[in-house]
2 protein chains.
Amino acid sequence: MPMKHDIAQRLSQYRSVLYKLKALGFVRVFSDNLGDALEISPALVRKDFSTFSLTGNKRGGYRIDDLLDKLNRLLGKDKVQRIIIVGCGKIGQALMSYSGFTREGIQVVAGFDSNAAVIAPQASIPILDIKELKTYVKREGIRIAIVAVPDNSASHVFDLLRAAEIKGILNFAPVPLKGAEGCVVRNINIGLELENLFYLVRFAGKVPPQPAARPAG
Amino acid sequence: MPMKHDIAQRLSQYRSVLYKLKALGFVRVFSDNLGDALEISPALVRKDFSTFSLTGNKRGGYRIDDLLDKLNRLLGKDKVQRIIIVGCGKIGQALMSYSGFTREGIQVVAGFDSNAAVIAPQASIPILDIKELKTYVKREGIRIAIVAVPDNSASHVFDLLRAAEIKGILNFAPVPLKGAEGCVVRNINIGLELENLFYLVRFAGKVPPQPAARPAG
DNA sequence: GAAGATATGTGAATCGTTTCACAACAACGA
DNA sequence: TCGTTGTTGTGAAACGATTCACATATCTTC
């Protein structure tokens with residue numbers, strides 16, 4: 001299953017930059033501008049656009065509105081995306097009220113948890129018992145879930161989501177879940193990202209591969 | 001600035017898997033095992049290890065304890081890493097009490113915010129006024145910060161952190177910050193990750209680059 | 001309406017990463 | 001002690017992603 005990964009990410013970034021430019025009153029962009037904004041080469045911008053038949057004008061660059069229309073369609077931004085959050089601890093609840101989502105056309109329609117203390121079916125975003133997960137997902141046609149549970153329940157929750165035929169998971173649990181037939185998984189491990197940062201900071205500038213000394217000899 | 005990015009990430013993943021294997025009673029591993037665990041080829045595991053002079057035994061694979069020792073040293077896991085969190089809204093506060101950190105030897109030593117209502121210098125993890133950021137960072141020798149502020153304060157906070165000579169930033173604000181001289185930045189944009197997921201789910205199986213029709217002709 | 005300037009679109013070259021393939025070597029058994 | 005087996009370590013090949021380079025199209029100006 002060889003699927004381009006970075007390019008889709010860039011598509012979203014182009015979109016975001018284009019909205020900012022539009023707000024500033026611009027009508028057209030050049031591949032140079034977008035390249036600068038994303039810190040990539042103009043050639044790559046053009047290649048990306050070419051891949052998705054986003055065409056421009058040989059002299060005047062690309063029409064921003066035109067690009068945005070096509071990108072929005074491509075990224076499914078023409079309709080509100082409805083998601084659920086499994087695990088309503090601190091992080092789960094923080095994400096439930098994250099204002100960045102509504103701005104992006106993403107709607108958290110429900111939370112799920114096994115802890116009776118947090119269940120609140122009448123809240124503006126209802127928090128339901130995890131037992132209702134499968135029924136809810138099927139009835140409401142939910143395709144994407146965020147997982148924000150502790151590491152020891154991660155794989156159990158993963159099974160439940162697979163049984164409910166969820167199509168995509170954004171996993172914040174510190175246990176990497178493996179994608180499977182019909183279900184794409186994106187793992188975000190905050191601890192791991194920090195570790196990575198420690199490493200990069202430690203070796204910034206210096207040569208990383210070369211751990212100090214040879215065994216002598 | 002050509003710095004390997006994925007390999008450091010993998011180093012942390014090796015470490016995590018090795019601890020699990022060790023807990024299961026294993027003493028040695030083969031590149032095959034690690035390859036399976038990370039869903040990469042055994043050859044890549046060996047190349048990675050070779051890059052960092054993590055050597056094994058031609059017949060009996062690698063000694064887990066040996067690998068862990070060296071990986072821990074390489075990843076700076078031999079001492080506790082002290083970090084701060086800038087922006088103590090819902091997400092910031094959720095991260096402050098995130099139990100995954102302590103398990104990984106990461107200690108959140110303080111939070112910073114501009115909102116007087118959340119400031120609490122006496123809390124077990126003190127939340128201080130953002131005005132004290134620079135002094136604190138310099139006095140305590142903090143190198144890494146997590147940014148969890150709204151989009152409109154992100155770039156201001158970024159400037160403050162740069163002025164305090166922070167060396168690495170994990171940015172959760174939905175505005176990409178650009179790394180700069182002496183400061184590594186890793187952006188995590190949750191909305192963007194979700195968008196990416198929508199895209200991948202939509203085109204799972206199908207050919208992604210090929211938006212329907214050609215212009216005719 | 002022709003000449004000049006400027007930006008796209010894309011095949012070919014380049015670059016970095018991953019995989020292949022196999023020599024070198026350690027453990028084990030006879 | 002000597003073959004057999006199984007695994008590492010690594011140069012070379014393959015692959016994928018990015019950049020180069022330039023032909024091509026459009027706009028502008030005179």
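Within every chain, numbering begins at 1; the chains are lettered A, B, ... in the order of the sequence lines, protein sequences first and strands thereafter.
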Legend entry - Among C/dT8, D/dT19, D/dG9, the one nearest B/Thr55 by side-chain distance: D/dG9

Legend entry - Flag if over 12 foreign heavy atoms under 6.0 Å of OH, A/Tyr19: yes

Legend entry - Nucleotide C/dA5, atom C1' - distance to CG of A/Asp32 in whole Å: 15 Å

Inset, instruction - Take the protein atom CZ of A/Arg59 and the nucleotide atom C1' of D/dC27, then report the distance between them rounded to whole Å. - result: 4 Å

Inset, instruction - Give the nucleotide from the list D/dT18, C/dT8, D/dT7 with an atom nearest to the side chain of B/Phe30. - result: D/dT7

Inset, instruction - Kindly point out which of C/dA26, C/dT18, C/dG9 is positioned nearest to the side chain of A/Tyr62? - result: C/dG9

Inset, instruction - Could you check B/Lys58 against A/Arg46 and say which one's nearest nucleotide on DNA chain C is further toward the 5' end? - result: A/Arg46

Legend entry - Rounded distance (Å) that lies between atom P of D/dA17 and atom CG of B/Asp6: 13 Å

Inset, instruction - Would you mind reporting whether A/Asp151 and B/Arg103 have side-chain heavy atoms less than 4.5 Å apart? - result: yes

Legend entry - Residue A/Ser31, side-chain heavy atoms: nucleotide from D/dT18, C/dT8, D/dT19 that is nearest: C/dT8

Legend entry - Neighbour count above 12 (heavy atom, 6.0 Å) for B/Lys70 NZ: yes

Legend entry - Between C1' of D/dG9 and CG of B/Asp48, the distance in whole Å: 13 Å

Inset, instruction - Find the distance B/Lys47:NZ to D/dT8:P and express it as a whole number of Å. - result: 14 Å

Inset, instruction - Mind calculating the distance between CG (A/Asp36) and C1' (C/dA7) to the nearest angstrom? - result: 15 Å

Inset, instruction - Decide if atom CZ of A/Arg10 counts as having more than 12 heavy atoms of other residues, nucleotides or ligands within a radius under 6.0 Å. - result: yes

Legend entry - Carboxylate-amine/guanidinium proximity below 4.0 Å for B/Lys77 and B/Glu104: yes

Inset, instruction - For A/Gly60, report the nucleic acid contact type (base, sugar-phosphate, nothing); a contact means any heavy atom under 4.0 Å. - result: nothing

Legend entry - Atom pair distance, as rounded to whole Å: CG in A/Asp66 and P in C/dT8: 14 Å

Inset, instruction - Just call it for A/Arg10: base, sugar-phosphate, or nothing, with non-hydrogen atoms closer than 4.0 Å on any strand. - result: sugar-phosphate

Inset, instruction - Starting from P on D/dT19, measure out to CD on A/Glu39 and report it in whole angstrom. - result: 12 Å

